[in-house]
There are 2 protein chains.
Amino acid sequence: MPKDHDLSEAELAVLRVLWDHGPQTVREVMERLHERGRRVAYTTVLTFLSRLEQKGVAASDKDGTAYVYRSKVSRQSVTRSRVRTLLDQLYDGAAAPMVVHLIESERFSEDEIAQLRRLIKDLDA
Amino acid sequence: MPKDHDLSEAELAVLRVLWDHGPQTVREVMERLHERGRRVAYTTVLTFLSRLEQKGVAASDKDGTAYVYRSKVSRQSVTRSRVRTLLDQLYDGAAAPMVVHLIESERFSEDEIAQLRRLIKDLDA
DNA sequence: GGCATCCTACTACAACTGTCGTAGCCTGTC
DNA sequence: GACAGGCTACGACAGTTGTAGTAGGATGCC
């Protein structure tokens, strides 16, 4: 059992940088966060990366003078666990009401609609 | 703007009791939570209800000796904001990938599938 | 009218979160 | 070989969250 990942919002934002751009140094991660509008200090990023490592969801390898951090968990698995949590909190775990909610309250492009239609079609196949 | 409700997990659990069973006293809310397997002390429930009131999402009216608490926000609106937050955190705000994820990873009953099919059909109408 | 109850108000407190600052260690460059 | 600049290690600190204890007022029952 991969243990339920329990990540805070800010930690998740850092992890996303690793997913989106691969292994990186603290400085690089900080720059990515800045690009995304998150104005955090260098040491703050370092703190988050350390905490992620402590929680077992990231790891680091020394490269010369600096450490390069990388994610140890897939975006898929974290997504799964977070969606599940939300489902439990709001709909007692049922997925359908959430899908209904999303379809009713969000806008989709032509392509997305086509994709969804295809998925639904295959559902009971 | 109804201000972004920022509720913690335990606070949400308490709010759900109000949604599911209508206005209630502290003691009643506590009993509902116990039924749901949440073993919390009376004063703990009181604390949460007070915090919910402070945050403006619940209100109380004195009934004889005790206060009766009620929710001031709809389940719909809280759901909307939480789903939105999750979407932002995981998919940069896009809803389609979440729908895809749900459809691919969860199981649905015949009825649910029929309902989804209907919804999708009407999408671009 | 005194005691057991029940209710609220207030306080507490540890863990977790979001943010950094400072100290001290390398290392490349004159 | 001394200094500037980058890097990590640690500590700090206020705010939030989860959980509850205690004190003191009101009330119903004998």
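Here the structure is a predicted model, which is why all the values come from computation and not from measurement. Hydrogens, waters and symmetry mates are skipped; everything else that's a heavy atom, side chains included, is used. Note on naming: letters A, B, ... go to the chains in the order of the sequence lines (proteins, then strands), and numbering restarts at 1 for each one.
- With salt bridges taken as basic N to acidic carboxylate O contacts below 4.0 Å, one links A:Lys55 and A:Glu11.
- Note that CZ of A:Arg51 and CG of A:Leu7 are 12.5 Å apart. Values are rounded to the nearest 0.5 Å.
- A close approach under 4.0 Å does not occur between any side-chain nitrogen or oxygen of A:Tyr42 and OP1 or OP2 of C:dC20.
- Of the listed residues (B:Arg16, B:Arg38, B:Arg82), just one forms a salt bridge (charged side-chain N to carboxylate O under 4.0 Å, His left out) with B:Glu9, and that residue is B:Arg38.
- Rounded to whole Å, atom P of D:dG6 lies 18 Å from atom CD of A:Gln24.
- A salt bridge links A:Arg70 with A:Asp61; the closest basic N to acidic carboxylate O contact falls under 4.0 Å.
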>> I'd like to compare against my own output: the B/S/- annotation of nucleotides 10-27 of chain D with a strict under-4.0 Å heavy-atom distance to protein.
In response: -------BBBBBB-----
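- Here the P atom of nucleotide C:dC16 and the CG atom of A:Leu52 are 15 Å apart, to the nearest Å.
- Rounded to an integer number of Å, the gap from A:Leu49 CG to C:dT19 P is 14 Å.
- For the pair A:Gly64 and B:Ser50, both in contact range of DNA chain C, the more 5′-proximal nearest nucleotide belongs to B:Ser50.
- Between the CG atom of A:Leu33 and the P atom of C:dG18 there is a distance of 13 Å, rounded to whole Å.
- Comment: B:Asp20 engages B:Arg36 in a salt bridge, judged by a side-chain N to carboxylate O separation of less than 4.0 angstrom.
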Please list, one pair per line, the donor and acceptor atoms closer than 3.5 Å that link side chains of residues 98-108 of chain B to other protein atoms, with sequence neighbours excluded.
residue, atom, partner, partner atom, Å
B:Ser105, OG, B:His101, O, 2.7
B:Glu106, OE1, A:Arg84, NH2, 2.9
B:Glu106, OE2, A:Arg84, NH2, 3.1

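- Between A:Tyr69 atom OH and D:dA9 atom C1' there is a gap of 10 Å when expressed in whole angstrom units.
- A straight line from NZ of A:Lys62 to C1' of C:dT27 spans 12 Å, rounded to a whole angstrom.
- Regarding contacts with the backbone of D:dG6, every side-chain N or O of A:Arg27 stays at 4.0 angstrom or more from both OP1 and OP2.
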